[in-house]
Amino acid sequence: MRPWRESDAAALVRRINDPDIAAFLDRVPHPYTHDDAREWFELAGAAWQDGTMATFAIEVEGIEGAAGGIGIHFFTGLDEGTAEIGYWVAAEARGRGAASAATRLAAEWAFEALPGLTRLQLRADVENVASNRVAEKAGFTREGVLRSQRHNARLGRRTDFVMWSLLREEL
């Protein structure tokens with residue numbers, strides 16, 4: 001894991017346009033363009049500055065450029081002490097343990113960087129078997145299913161999410 005760089009734009013555009021990523025990350029523009037990447041870098045930088053989110057590029061040995069991304073959104077108000085993690089990996093990086101390793105590393109970083117963080121949660125579409133496996137391999141506990149939580153226009157259906165969590169004392 002490392003901070004995003006503007007030089008990641010070409011790899012980001014090429015890899016995030018994968019149909020599997022577009023289907024499950026329906027809030028990410030599709031098709032994804034270089035302008036979208038520039039906007040993302042600006043948004044991610046601003047979120048780092050205001051403390052609402054931390055994002056990282058995922059590097060995988062033997063793959064040039066960013067092979068995925070991972071981010072942690074920090075909640076405020078009544079949900080303070082809780083954060084949510086999300087990730088994606090390029091097709092050529094799947095099945096190599098990169099997402100699980102990055103998720104565990106990001107979780108460790110978050111709990112170390114934020115002493116007040118007690119809960120890290122993760123949601124994955126029930127039909128996204130690989131993403132649910134990542135959560136399990138990274139040490140998260142399956143809590144249940146959030147039924148019909150929201151509509152995914154790209155999949156043309158209401159989405160059920162598996163809710164996973166990792167507590168500070170479980171590291």
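In what follows, residues are counted from 1 in the order of the sequence shown. Every heavy atom of this structure was used, including side-chain atoms; hydrogens, water molecules and symmetry mates were not.
S165 has its side chain out of reach of L120: every pair of non-hydrogen atoms, C-beta onward, lies at least 4.5 Å apart. Residues H73 and I85 form no side-chain contact, since every pair of their non-hydrogen atoms from C-beta on lies 4.5 Å or further apart. Annotation: side chain of I72 is not in contact with side chain of E84 (no heavy-atom distance under 4.5 Å).
Among residues two or more places apart in sequence or in another chain, the salt bridge (Lys or Arg N to Asp or Glu O under 4.0 Å) test is passed with R133 by E136. With sequence neighbours excluded, the residues forming a salt bridge (Lys or Arg N to Asp or Glu O under 4.0 Å) with R2 are D8, E59, listed by chain and number.
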With side chain to side chain contact (heavy atoms under 4.5 Å, CB included) as the test, would you mind laying out the steps for F161 and R150 before giving the verdict? CA-CA 9 Å; F161 285 101; R150 69 178 179 79; 4.1 Å; yes

Note to self: With side chain to side chain contact (heavy atoms under 4.5 Å, CB included) as the criterion, how do D160 and L146 come out once you've worked through the C-alpha distance, each side chain's angles and the decisive distance to 0.1 Å?
What the structure shows: CA-CA 6 Å; D160 293 347; L146 304 171; over 6 Å; no

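A salt bridge links D125 and R157; the closest N-O separation between the charged side-chain nitrogens and carboxylate oxygens is under 4.0 Å. With respect to the salt-bridge test (charged N to carboxylate O, under 4.0 angstrom), the residues E108 and R104 qualify.
Heavy atoms only, all atoms of each residue included: F75 and Q121 are closest at CE1-NE2, 3.7 Å. Between S148 and R158, the shortest heavy-atom contact is O-NH2, 2.7 Å.
Between the side chains of T33 and D36, at least one donor N or O sits under 3.5 Å from an acceptor N or O. Defined by atom type and a distance below 3.5 Å, a donor-acceptor pair is missing between the side-chain atoms of Q149 and T159.
No close placement of the Y32 and H30 rings is indicated, their centers lying 6.0 Å or farther apart.
Pairs of residues two or more places apart, or lying in two chains, that qualify as ring-ring contact (aromatic ring centres under 6.0 Å, His included) and include a residue from residues 84-119 are W48-W109, F56-W109.
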